[in-house]
There are 2 protein chains.
Amino acid sequence: MRPHPAGAVTTPARMLEMPTWLISRAYAHAHRLLSDGFAAAGSRGYHYRLLGALEEFGPASQAALGRGTGIDRSDVVASLNELAGPGFIERVPDPDDRRRNIISITPAGTRQLRKLDKVLAGIQEKLLAPLPAADRTEFVRLLTRLLEPDN
Amino acid sequence: MRPHPAGAVTTPARMLEMPTWLISRAYAHAHRLLSDGFAAAGSRGYHYRLLGALEEFGPASQAALGRGTGIDRSDVVASLNELAGPGFIERVPDPDDRRRNIISITPAGTRQLRKLDKVLAGIQEKLLAPLPAADRTEFVRLLTRLLEPDN
DNA sequence: GCCCAACGTTGGCGCAGCCAACGACATTGA
DNA sequence: TCAATGTCGTTGGCTGCGCCAACGTTGGGC
């Protein structure tokens with residue numbers, strides 16, 4: 001193979017130390033692990049967030065779920081539809097407020113959540129593998145601090 | 001306003017300390033800053049990556065650019081089209097290999113790149129604001145290390 | 001009773017990442 | 001030499017995640 005026109009092209013040096021770049025690479029890496037793992041379990045990120053919120057806080061309206069998980073109302077609708085298909089959640093109209101649905105997690109949903117929890121735990125491990133144990137806590141601390149202002 | 005069905009819903013606790021979650025939040029935060037800043041300058045992430053690679057490595061084929069920047073060949077095509085519109089890059093067929101185009105950055109492209117560089121510098125500042133100076137280097141170090149295995 | 005706000009839902013957009021397929025061309029190996 | 005293999009640019013399509021606008025329905029404040 002002949003050399004490329006002007007030699008090899010690699011990641012531009014101007015980016016290699018930029019936090020935004022590093023974060024976006026780290027995200028890409030994590031997201032790949034995540035979506036592979038979730039896909040293998042037949043779910044995706046939104047599903048996990050919603051099931052997690054439902055288990056932790058009990059039945060809630062779609063709007064409350066959206067606010068709590070940071071998922072847009074319209075995306076909550078779609079995701080809950082997907083979760084309702086396999087019977088992971090139940091949608092019941094709120095008799096006290098006919099605008100609302102009350103969403104609850106089903107036993108099957110809880111089982112799915114457990115499954116996803118396991119997948120996720122494995123992924124944290126894989127992701128942090130390059131960091132010695134001491135650095136991992138520090139890493140989490142720094143990230144948490146970075147995000148503190150916007151809660 | 002009446003209370004929600006089962007009290008307030010917030011981010012599920014199971015996520016709050018998961019690296020994958022923190023990284024995805026950090027990315028969301030950074031991405032918002034980035035795409036706002038880039039949009040104000042009439043560009044987006046792919047444009048910056050491509051212009052940066054072109055300036056650093058000189059003229060290159062589209063395939064080489066794609067490999068170097070991690071952008072898919074098909075997306076390189078579209079992005080270069082967008083960059084060619086305002087005249088930020090030039091596309092010339094390679095006389096030595098008629099499969100290839102040779103892409104070069106134009107003076108206007110270099111000016112645009114400078115503009116984006118400035119935007120970006122400001123964003124790093126904004127992003128790292130919550131971290132004391134000492135922590136910033138550590139943060140970059142940890143992220144770099146985390147990504148080392150996959151280069 | 002009016003007006004405004006919240007609710008669920010539909011439909012649409014953007015960015016980033018990826019994959020499959022195509023015709024054109026180049027390189028390799030029998 | 002010529003067929004196979006592989007690369008290049010390009011088209012078109014898909015997913016995840018994050019948004020926004022609009023609509024009809026319903027509830028609460030005045």
Side-chain angles (χ1 to χ4, degrees), chain A residues 1-5 9 20-21 23-39 42-50 60-67 69-82 84 91-103, chain B residues 1-5 20-21 23-39 42-50 60-67 69-82 84 89 91-103:
Chain A
M1 203 205 283
R2 293 191 292 101
H4 299 128
V9 177
T20 48
W21 176 253
I23 288 174
S24 107
R25 290 310 88 197
Y27 170 74
H29 182 40
H31 184 66
R32 216 151 106 90
L33 294 175
L34 280 175
S35 57
D36 285 359
F38 279 158
S43 279
R44 49 202 187 84
Y46 279 6
H47 299 157
Y48 180 75
R49 290 201 228 170
L50 289 168
S61 73
Q62 300 185 189
L65 284 173
R67 282 187 297 266
T69 56
I71 303 175
D72 190 88
R73 307 210 305 278
S74 59
D75 299 318
V76 170
V77 174
S79 303
L80 289 181
N81 288 342
E82 291 156 7
R91 234 201 213 102
V92 171
D94 185 340
D96 294 353
D97 185 340
R98 308 218 309 269
R99 292 171 304 178
R100 291 179 177 159
N101 293 333
I102 298 180
I103 313 298
Chain B
M1 202 204 281
R2 290 192 292 102
H4 299 127
T20 49
W21 176 252
I23 288 175
S24 105
R25 289 312 86 197
Y27 171 74
H29 183 38
H31 184 68
R32 205 149 61 107
L33 294 174
L34 280 175
S35 55
D36 285 359
F38 280 157
S43 280
R44 52 202 186 84
Y46 279 6
H47 298 158
Y48 180 75
R49 289 200 227 169
L50 289 169
S61 73
Q62 298 185 191
L65 284 172
R67 281 188 297 265
T69 57
I71 303 176
D72 190 89
R73 306 211 304 281
S74 60
D75 299 318
V76 171
V77 174
S79 303
L80 289 181
N81 287 343
E82 290 156 7
I89 59 120
R91 235 199 212 105
V92 170
D94 184 342
D96 293 353
D97 185 340
R98 307 217 313 269
R99 291 172 304 179
R100 289 179 178 159
N101 293 332
I102 298 179
I103 313 298

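Order of the sequence lines sets the chain letters (A, B, ...), proteins ahead of strands, with each chain counted from 1. Worth knowing before you read on, the calculation uses all heavy atoms, side chains too, and leaves out hydrogens, waters and symmetry mates.
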Item to check | d(CG, Asp36(B); P, dG18(D)) in whole Å | outcome: 15 Å
Checklist outcome for this item: Note: Val77(B) and Arg91(B) closest approach over all heavy atoms is O-NH2, 3.4 Å
Checklist entry - How many Å lie between NE2 on His47(B) and C1' on dG14(C), as a whole number? => result 12 Å
Item to check | Given DNA chain D, 5'-ward residue of the pair Ser35(A) and Gln62(B), judged by closest heavy atom | outcome: Gln62(B)
Item to check | Spacing between Arg49(A) atom CZ and dG16(D) atom P, to the nearest angstrom | outcome: 13 Å
Checklist entry - When you match Ala28(A) and Ala78(A) each to their closest nucleotide on DNA chain C, which lands nearer the 5' end? => result Ala78(A)
Checklist entry - Which pair of non-hydrogen atoms, one from Arg44(B) and one from Ser79(B), has the smallest distance, and what is that distance? => result NH2-OG, 3.9 Å
Next on the checklist: Can you tell me which nucleotide in dG16(D), dG9(D), dC15(C) comes closest to the side chain of Asn101(B)?
Outcome noted: dG9(D)
Tabulate protein N/O versus nucleotide N/O from nucleotides 4-6 of chain D, keeping only pairs under 3.5 Å, one per line.
unit_1, atom_1, unit_2, atom_2, d
dG6(D), N2, Arg99(B), NH1, 3.0

Checklist entry - With a 4.5 Å limit on heavy-atom distance, are the side chains of Asp97(B) and Asp94(B) in contact? => result yes
Checklist entry - Which heavy atom in Arg49(A) sits nearest to a heavy atom in Ile71(A), and how many Å separate them? => result NH1-CG1, 3.7 Å
Next on the checklist: Which heavy atom of Pro93(B) sits nearest to which heavy atom of Asn101(B), and what is that distance?
Outcome noted: CA-OD1, 3.9 Å
Item to check | Whole angstrom value for the distance that separates P of dT15(D) from CG of Asp72(B) | outcome: 16 Å
Checklist outcome for this item: Ranking dC7(C), dC8(D), dT10(D) by distance to the side chain of Val77(B), first place goes to dT10(D)
Checklist entry - According to a strict under-4.0 Å criterion, is Arg100(B) in side-chain N/O contact with OP1 or OP2 of dT10(D)? => result no
Checklist entry - Counting just side-chain N and O atoms, does Tyr27(A) come under 4.0 Å of either OP1 or OP2 of dG17(C)? => result no
Item to check | Sugar-phosphate only, base, or nothing, as touched by Arg98(B) at under 4.0 Å among non-hydrogen atoms | outcome: sugar-phosphate
Checklist entry - Can you tell me how far C1' of dG16(D) sits from OH of Tyr48(A), to the nearest Å? => result 18 Å
Item to check | Euclidean distance, atom NE2 of residue His31(A) to atom C1' of dC17(D) [Å, nearest integer] | outcome: 7 Å
Checklist entry - Picking from dC7(C), dC25(C), dC20(D), which would you name as closest to the side chain of Ser74(A)? => result dC20(D)
Checklist entry - What is the minimum heavy-atom distance between Val76(B) and Gly66(B), and which atoms define it? => result CG2-CA, 3.7 Å
Checklist entry - Can you find a donor-acceptor N/O pair under 3.5 angstrom joining the side chain of Asp75(B) to the base of dC18(C)? => result yes
Checklist entry - At their closest point, which heavy atom of Val9(A) faces which heavy atom of Ala64(B), and how far apart are they? => result CB-O, 3.7 Å
Checklist entry - Separation of Ile102(A) atom CD1 from dG8(C) atom C1', in whole Å? => result 14 Å
Checklist outcome for this item: Ranking Ala63(B) and Gly70(A) by the position along DNA chain D of their nearest nucleotide, the one closer to 5' is Ala63(B)
Item to check | Separation of dA22(D) C1' from Arg73(A) CZ (nearest whole Å) | outcome: 11 Å
Item to check | OP1 or OP2 of dT9(C) under 4.0 Å from side-chain N/O of Arg91(A) | outcome: yes
Next on the checklist: Check this for me: does the side-chain of Asp97(B) come within 3.5 Å of the base of dC25(C) through a donor and an acceptor?
Outcome noted: no
Checklist entry - For Gly45(B), which contact category applies under a 4.0 Å heavy-atom criterion: base, sugar-phosphate, or nothing? => result sugar-phosphate
Next on the checklist: Counting neighbours of CZ on Arg32(B) that are heavy atoms of other residues, nucleotides or ligands and sit closer than 6.0 Å, is the number greater than 12?
Outcome noted: no
